[in-house]
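So you know, we letter chains A, B, ... as the sequences are listed, proteins then strands, and number each from 1. Keep in mind the model is a prediction, meaning the values are calculated, not measured.
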2 protein chains.
Amino acid sequence: MVTITDIAEALGITPSTVSRALAGNPRVREETRRAVLEAAERMGYERNIMASNLRRGRSDIVGIVVPRINREFFSNLISGAESILGDAGYRAIICQTHEELDSEIQVLHTLSLHRVAGVLFSHCIDATDSSHVLPALGNIPLVQFDRVFSDLPGAKVVGANFEGAYEATTHLILSGYRRIGTLAGYLNIGVYSDRLRGYRKALEDNGIPYDESLVFPDSIFRESGYTACHLALDAGCDALYSAGDFSALGALDALKERGISVPDDFGIVGTANEFFTALTSPSISSVGQRPYDMGREAALAFLERREGVTVIPMELHIRQSSNRNNIWLK
Amino acid sequence: MVTITDIAEALGITPSTVSRALAGNPRVREETRRAVLEAAERMGYERNIMASNLRRGRSDIVGIVVPRINREFFSNLISGAESILGDAGYRAIICQTHEELDSEIQVLHTLSLHRVAGVLFSHCIDATDSSHVLPALGNIPLVQFDRVFSDLPGAKVVGANFEGAYEATTHLILSGYRRIGTLAGYLNIGVYSDRLRGYRKALEDNGIPYDESLVFPDSIFRESGYTACHLALDAGCDALYSAGDFSALGALDALKERGISVPDDFGIVGTANEFFTALTSPSISSVGQRPYDMGREAALAFLERREGVTVIPMELHIRQSSNRNNIWLK
DNA sequence: AGGAGCGGTGCAAACGTTTGTATGATATTT
DNA sequence: AAATATCATACAAACGTTTGCACCGCTCCT
């Protein structure tokens, strides 16, 4: 392996000058700089990242922490973040917490030990408050996305959850559904409480009283969506706004089981715009979160050491599950 | 930050002894070792990974290189690998190539610069031969999985593609389909050529002549599957074994467009057992690859510095798209 | 009794980079 | 002309760990 010392010897100068030349430090003569770059190229020099990291006290790696990577939302978000980080000379190290708090703490701590340059982070469902984050992470720059703790420092990038849920619920109302429940997520998490607020506001703005008995919290998985949908049906619902797509899928399972026709007799809108929502029968309407853009924004927020909250608009994708009487499509 | 020097001073010994004690080196007295561990714990010592990496010339990070992370197969494989690597004290850095050769070379090179402890690797479609790998990667331990170059050193972990395709095709034959084509993948890639061989063998073992005009290569995406299925229909096919699930989905699109009833008049089996295959109407039969196990095996192969090929069995999941006359399910 | 073997520890040199400070040579000011 | 500023480079000390080698004291052998 060729080092800066080798280059220095070859040129009759010292490693420090080589280092500065390579770093683009203005305190080295242009002529010297060119000679160094030429020699480095010719000799096949490649900076020893580990030595550089040790000396500078931090690495060129950014940690991306997500609950799971096999979600359309998170995997696309990661791709978006990678595209920005890569251009800026950073590498991403992707970590899954599998929705487990212990794993989340562990992961943050490991990233901290690796002195990563920053962490892009979406916390797991099990994390009810942020008290574990800073102790595990130390003073490493933090950017939160999607599921954020508002009391933590650093930038936050979130979808327009309130507006998205508002739009989805309004859409159900305009489609003529009258008793609209919601498969709410975990209400201690901001994204889900925002969606619930949006749902509620949409009802109230349309003169429909908000009925807490039609709110089914903690249902974002297929199983819990299935169970909650049965309860919703028993409560007389004829539509559901679901804060997740997997729970919307579970609801569809329940409706099929009961032989209820969707969208004729029951409407559903999910959230996240997972790939599969377009494939089910009926296909599932869903409020999409533009994850790729969120990933890019999160990466930019890190690079620019941004503070404050960036909100990414959401988009309603109307499909069969809410397309009553075919009034929305074709 | 507390260092081994701090611990050494606190105990009146030298950093070298502390280092050896922490590493579990047998050349340090048991009593000393306990004292060091106790002091380390008490003082909140945490090894500086960057210094350790620099000195040892390698890191505790393992690179996992896949074409895309938003595939059920790859994301589950990653989870499997992570579970093993984590227990062994390694961290995974996940890299996507997005099926682009340039990106693949870049990624391997970056991992090499980071002196990762090893690389678990599945190459992209664009890579027609292995000539770029070793130059970019240097002498870092390599484990290939799924899409492997047989001429590269190191362990390989692959699904039983031949057997899987054989089973799927046999299943179609037993279902009474008579003119069975195949949506083959990129035949310069081992997994796909193996699947084609399995398909062919199954036909021949059942007295059906292999007809090259029913082989539609390069179709593993939804679009290419759609196009190829139209061609297959024109060629008189009444069934397709597809080497991918997305192409099977595309085939379903084409069949719906033509109003052909599946599975009554046409049978399909895909490959990979993507989540969505169970959700379409009709649901898509698929040969699954047990990605989680493959990930575990790949990680173990790295840890044990294994050589040679490990084959993971595949499983046929029979769903509606090939369940003619309801003979297989219910 | 003298030397060999061994268990436990210390010494010091790495690993390759970065960076504060010193140095020497010009250029600029008074 | 002397003092001062400016520029480009050199010097050397880090960063914290690991590890070959040296060393010391002890036991065991012949």
At under 4.0 Å between heavy atoms, what does B:S16 touch on the DNA or RNA strands: base, sugar-phosphate, or nothing?
base
Counting any heavy atom closer than 4.0 Å, what does A:T3 reach on the DNA or RNA strands: base, sugar-phosphate only, or nothing?
sugar-phosphate
Chain A contact limits on DNA chain D, taken 5' to 3' with a cut-off of 4.0 angstrom to heavy atoms
D:dA8 to D:dC15
Does this structure show an ion pair linking [X] with [Y], if we count only N-O contacts that are shorter than 4.0 Å?
X      : Y     : result
B:R147 : B:E99 : yes
A:E72  : B:R68 : no
A:E38  : A:R42 : yes

Nearest heavy atom decides the nucleotide; on that basis, is B:P26 or A:A23 closer to the 5' end of DNA chain C?
B:P26
Those residues of residues 50-58 of chain A lying under 4.0 Å from DNA chain C by at least one heavy atom
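Within this stretch, A:A51, A:S52, A:R55, A:R56 sit under 4.0 Å of the strand.
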Considering non-hydrogen atoms only, spot the tightest contact between B:L77 and B:M294 and give its length.
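Nearest pair, atom of B:L77 first, then B:M294: CD1-CB, 3.9 Å.
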On a plain distance test, is the side chain of A:R20 in donor-acceptor contact with the base of C:dT18 below 3.5 Å?
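Answer no: no donor N or O sits under 3.5 Å from an acceptor.
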Side chain to side chain donor-acceptor pair (under 3.5 Å), that's the test. Do B:T128 and B:N188 meet it? Break it down for me.
CA-CA 6 Å; B:T128 52; B:N188 55 312; 5.2 Å; no
Check the side chains of B:R306 and B:T310 for a donor-acceptor pair under 3.5 angstrom, ignoring hydrogens and angles.
yes
Five pairs at each end of the helix from C:dA1-D:dT30 to C:dT30-D:dA1: take the axis at both ends and give me the angle between them to 10°.
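End axes: 50° apart.
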